[in-house]
Amino acid sequence: MSRSSEIISAALLALFMSATASNVALSAAAGTPIRIGVLSVNQGPAAAGGADGFRGIAMAVKEVGGAIAGHPIKIIEEGTDQTGPTALAKVRKLVEQDHVQIVIGPGSGDEGIAVSNYADRQPGVTFIAGIAAGEAETYHHPNVFRFAYGDGAQWVAGLGRYAYSTLGVRKVATIGDNYSFGYAQVGGFVSEFCQAGGHVPKELWTPLGATDYSSVVPQIPSDTDAVYIALNGADAINFLTAYYAQGGHAKFIASSITVDESVLSAKGSIQNHLVGVASAAPLADTLEIPAWNSFVKAYKQHYPSGFAYPSVWATGYYTNAMAAFTALAKVNGDLSGHQQAFRAALQSLTYQSPTGPISVDGNRNGVFTNYVTSTQHGPNGTLLNAVVKSVPNVREETFLRGGVATPTHPACP
Amino acid sequence: MLALEVSNVTVRYGGVEALNRVSLSVSEGERHVVLGPNGAGKTTLFNLILGEVRPAAGVIRLHGEDVTRRSVVQRVRRGLGRTYQQPEVLARLRVEDNLILAVRGRIGPRFTVFSKRERDRDTRKRAFAALNAVALGGVAERRAHELAHGQAKQLEIAMALAGGARVVLLDEPASGLSAGERKQITAVIDGLDRSVTVIVIEHDMDIAFHIADRLTVLHQGRVLACGDPERVRAAAEVREAYLGSGLDG
Amino acid sequence: MIAFHGAPSGRSLAWCSTLLAAIVLPFLASSFVTQDILALAAWSAIVAMSMVFLSKYGGMISFAQVGIYGVGSYSFAILAVGHGVPWYGAVAGALVAATLCALLFALLVARTYGIYFLMVTLALGLVVYFLTISNYGLTHGSGGIPGVNPPHLGSISLAQPIPEYFLDSSVAFAVLLGLTLLMRTQFGLALQGCRDNPRKMRAMGYSVMSYRVIAFTLAGSIAGIGGVLGVWYNGIIAPSYLDLTRIIDFLAIAVIGGMESLEGTFAGAIIYAIVTTYASSFTDRYNTVIGLVLLAIVMFAPGGVGGLVSRVGARLALAKAQLTPASTE
Amino acid sequence: MEEFALTTLNGVAMAALYFLVAAGFSLIFGVMRIVNMAHGSLFLLGGYLGWSVAALTHSWLLAIVAAGAATAALGLMLQQGLLRHYQGQELTEALITIAVSIVIADLLVATYGGLSYQIPAPVPLGHSIRIPGTALRYSSYSLALIGVALATGLALWLFLERTIWGVVLRAGIDDRQMVAVLGLNIQRIFALVFAIGAGLAGMAGVLDGTLLSLVPGVDSSYLVAALAAVIVGGMGSLEGSAVGALVVGMATEFGIGYFPSYAEALTFAVMAVVLVVRPTGLLGKAR
C-alpha cells in the first residue's frame, strides 16, 4: 500500500494543473459573447454527414456576420462517434467546462435520447437538436427545441399516401434497421399508408450495421406490390447488393435515409438501382424555391469539395442555427433570467428556412414542409432527389397517435 | 496394512499406452523407489496416483480405500502429497505463505475468509515446523521465485509434508542439485518420520539404493522388476534395460 | 489501518495528505472537474478495479467486466425506471443480477487460462452487448433506457457534483480497502496461489476452480457496483455503453493505472478522463492520440502509473535508507 | 425449402469470408499466442487500398494482389517493429495490437471518410447464375468466393502439411520450445506467419468490399466474427478455423434470416454452448 497515496497524489496534481489551465483560458475571453456548443459526428460511418453539419453551422454564423445585437457568437464544436456515451461526454464538456448557453446538436437518434435526458439536469441551458430525429425527443424537456426536422416519422410524411394513391400500391412489406430511428421511419410510412387503406403483411427488422443481407432477401414476400426500405447508408447499400445479386426485381419505396447523400454519393454503383424510386425527406435537391437556390449556391461556393447538394445535415444544422440566431436577434441577445425571453421567442418563431417555413409546436417540436421525392440522374453521373410533391405543415402528433413507434407498432397486416 | 496399492492399471494417451497393467504395493512407512529410463512412465505413475491422470483400467487404493474415482483434492485430503520434477512452487508468494497454504490445503475447511486466531496461530506453527524440518527457516520472508533451485526443491518437499501427509510422492528430488545439496536432500529424506510413507522417483543410483527399502523398475510402461535392493540389483532384465549403465555403483 | 502499518512517518504523511487533497479538491475545483473528471474517474475506477483485481490476484485478464457492469446498469434502470422499484431495492436487484451474471460467466470460463481466458471473456462481454441491442422488450434496443436518476438523500441530490463525487469516491475507496484486506486473508492467499500455480494448488488440496469462480463472481459484484454508480452518473444506459470501444476504454484505464495496481486505477481513470476530454479540443484525430498514448504506456511503462510510482518510490526509499542507515522500525 | 437452401448457401459464402479472416487470426494465435486485435483493421485497410487500386487501374485482380501485399508488409512491420520485442508477454502483445487498431481505424476515417465503398466485381462474376439441377439462382461472385476460400484453405493445408516450413510451424504450434531447441530460426517463422495472416486479412477486405461494402465499423465486426470462429472451432488449428467459420457463418445467416433481431446474439449463444460442451473448441486440442 505504500505507493497508493503517491499514485493518487500524482494523479491529483496532474488534474489540478489541467483544471487551472482551463480556468485561465476561460477568463481570457473578452466581452459578452454568446457561447454556443455544437455537437455533430466526426467519427465512424456518419462522419461525412457530420462534417456537413459543421458546415451548415459555419454558413449560418457567416450569414449573421458572426454577431447578434453586438454580441459576438462563440462557437465551440465537439465531434462524436454517433453513440450516446460520447455525445453525453461531449455535451457535458460543452455545458460544464466551456459554459455554453445554447447547444445545437446532436445528429442522430441515440445521441438525441442521451442529450435530451441530460438536458433535464441543466435547466439553464437551451438545447436545440441538430437533426437527431428520435420520436418524442422534446416531450417533457422544456429546454429542448427541435426545428429541423421533427422526428423520423415526420421525415416520410406524404409518402404513404403517395404510394397508395399515385403509385397504386396496396400491399407493402417493410425492412428497417432495428433501432429507434428505423422504427420511426417505418412507423411514419406505415401509419399513413394504413390510413389510406393499404396493408403491410410483413415487417422485417435487421440489426443496425448488419453486413450480409443475403438471407433476409428470401424472407421478403413475393406477393406484395412493393418493398419499403428504411435502412441507413451502408446497410442500404449492403441490402441492395444482396438483393440484386439474387436477381430480385421488386418495386422499392425508400425512406429518407435510404436515399440520402451518403448513399447517393457512395463509391460504387449499386445505388443506380434506386433511380426512379419514391422517397420522402424534409428537403429535396431540386427544390425550386429561391431560399433553397441561394442556400445551395452559397454551399457550393464555400464548399466545392462538399456533397453535390447540401445534405440534410448541412441544411438541418443551418436551419436550427438560423432559427436560434433569429430568436436571439429578437431578444437582442438577452439570455438572462434562465433564458425565458429567448425560449419564448423560439416558441413563437416562424423561420423562413431554405426548405420552407418552419416553427415549433406546443412540445417544441418542428412543424415544417416535407417533400415526396424521386431519385434521378443528375449532371456528371451523380444522383439526386427530385421533388415530386410538397407536404406542408407536417406535425409530430399526426404520427404519434397511439404512442411512439416500436417494432410492432403501428401495424396493419 | 498397505499405504498404497496400485493394481493392474493402464493409462493411454491417444493410442499410446503410457502404463500397461502396472501394479505397485507400498506398505506403511516404507521407502519405495521407482526406477526406470526416460519415458518409462514413472511420472505418469505419480500423476495417476495423485489423480491428475485417470486410468483406462485398474484400481488405486489409499490406505485400503478405493480412490480410483476420487479427485486430486479428495486424495490430498486423505493424506497424499507430492513434489514435481521441476519444482512447482507458488512463485510470487513468500516462502512462509507457500507453507501456510500447504498446511491449510490439507486440513481445510476449504474457504476460511476470516479465520479464527488460534487456528491461524496453529497453522503458522505447523508451517514453520515444516520449514525448519528442511532447514529453510532463514528464508521464510523471501518470495519463492527468488530461491535457488535446491532451496525450491526443499521447499516443495516441505510443502508436500506439511499439514500431516501420510503418503508422499517425490519426483526426482535430487535432480539438478549440486553434490552438497544432494547430500542435504538425502539427509532430509532420511530424517522423515517413519509414520510417513515415501515413494521416490530417482535417477541417482547412489541415492536410490541408499534410501530404498524396496524398488520398482519401470520400462516402457511395464513393471520390469520389483523387490528389495539386492533382488533388483541382480535382476537380469534390469541390467538389460539399462544396458549396464550405472547399476554397478 | 493500512496507512499506519509499518513505518509511520513517510507513508502515513503521504496518505493523510492524499486524503486531505481528495476531500478539499472538490471545493477548490470547478464543478466540471469535480463531476466530469473526478466523480467519473471514481466510478470508472471501480469497474477497472474489478478487472485489475482479477488480473493481479487471480491471474485472469477479463474483458467481460464491462458486460457485467452493463448488467448492473440495465438491471437498475429496468427496475427503477421500468417498474418503479425504490432506489434501494433497485440497487440490491442490480447487484444480485450482476453477481449472478458473473457467476454464470465464471462457470463457463473457470477452466480456461491465460490468453484463452482473455479471448473467451471478450466474447462473453460482447454477448451482453448484442443481447441488449436486440432484446427490445427488455432493454429498448439501441436507444437504451433514459431517465435514470440517482436518489435524493434527505435534501441532497446525488446528481449534484460534490455529493456525487463524495459518494463515488468513498465507495471506490471502500472497494479498494475491502479488496486489499480480503487479499490478506486465507482466501486471498489461496487465490494468489491459484494464480501462481494452479496445478500445484490442486496437488495441495485446493479446488482451484472454486477459487476462480468465487473471485470472478466477486469481481462481478464490484463491476455491478460500478454499473449502478455509472448509470446514476450517465442518467441513461444503452448498448453503446457496452460495445468494444467501451471495453477498450476501461481496459485503457486499467493499463494506464497498471494491471498490477488497484490504487493505480484511480490515476488511470483520472488521466484517461483528462485525455479524452481535452484531446478532442486540439485535434479531430483524438482517437489516434489515445491509441498512441496507450501504445507508449504499454511499450515504455508496462506497469502503468502504478508501476512508475512504485519504481520511483523504491528508488527514493533506497536513497533515504542510504542517507539514514540507522533508521529503525 | 428454396429459402432454406439459399440461406444455407449464404451461410457457406459468409463462412468463406470469415474463414479467410479467421485462418490468419488463428494461425498467428496458434504460432505466437498473439491475439491480434488489429486483424480487423488490417482487413478494412486492405479493402480500402483495394478500392483505391481498383479505381486507378480498373483491375480487380491487381487490387487484391496489391491489398494482400500491402497488408502483409504492414503486418510484418507491426510484428518486427513492435511485437517482436515483447515475445511471450501475451497481454502486452494484445494491448499493442489494440492500440495499433485504434490508430489505424482513426486514420482510415481521416483518409476515406465515412462513406460506403464498393469495389466493382470482375466482369465475369457480376451476375447471378442458375445452380445446375435446381431452380435456384445464385450470385456467381459468391460461388467464386467459396472457391477462393477452398483454394486458400487447401493451399494453407498443403503448406502446413507438405513443406518443411509447414512442419516446423506445426511443431511450433505444439511446442514452441522444441522448435527453438532444434535450432530452427523461429524468428523468421514468426515474421512469415504474421505476414501471411495479415495478407490474408487484407485480401479478405477486398473480397468483402466486392461482395458487400466497406465502411468504418466492419473492422470490428469481422474481428469479432473471427474471434467467435476460432473459439468455436478451436484455437490455433486450420481445420478449426474452417469449422468455426462455417458455424459462425451459418449462425449469422440463419440468424438474420429467421430471427433477425437476435442475429448477432445467436452467434454468441452458439459459442457459449460450444464452450460449455467443449472448452477447447470443436477441433481444439486439450490443453
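First the proteins, then the strands, lettered A, B, ... as listed; each starts at 1. All values derive from a computational prediction rather than experimental measurement.
Side chain to side chain, D:Q118 and A:S269 fail the donor-acceptor criterion of an N or O pair below 3.5 Å.
A side-chain contact (heavy atoms from CB on, under 4.5 Å) with A:S214 is found for exactly one of D:L212, D:L211, D:N10, namely D:N10.
Ranked by heavy-atom pairs under 4.5 Å with chain A, the list D:S139, D:G257, D:G209 is led by D:G257. For the set A:G50, A:P407, A:A234, A:G268, the entry with the most heavy-atom pairs within less than 4.5 Å of chain D is A:A234. Contact count against chain D (heavy-atom pairs under 4.5 Å) is highest for A:I237 among A:L204, A:V41, A:I237, A:V217. Chain D forms more heavy-atom pairs under 4.5 Å with one residue of A:G49, A:A47, A:P207, A:A51 than with any other, namely A:P207.
Put simply, the side chain of A:D212 does not reach to within 4.5 Å of the side chain of D:T252, judged on heavy atoms. In this structure, the side chains of A:S215 and D:L6 stay at 4.5 Å or more apart for every pair of heavy atoms. Between D:S116 and A:K267, the closest side-chain pair of non-hydrogen atoms is not below 4.5 Å. With a 4.5 Å cut-off on side-chain heavy atoms, D:V218 and A:T211 count as touching.
Using a distance-only test at 3.5 Å, with no hydrogens or angles considered, a donor-acceptor pair links the side chain of A:N238 to the main chain of D:S213.
When heavy atoms are compared at a cutoff of 4.5 Å, D:D106 approaches chain A solely by way of its side chain, counted from C-beta outward. In this structure, the portion of A:N178 lying under 4.5 Å from any heavy atom of chain D is its side chain and not its backbone. Contact annotation for A:I270: both backbone and side-chain heavy atoms come within less than 4.5 Å of a heavy atom of chain D. Looking at D:L108, there are no atoms closer than 4.5 Å to chain A (heavy atoms on both sides), in backbone or side chain.
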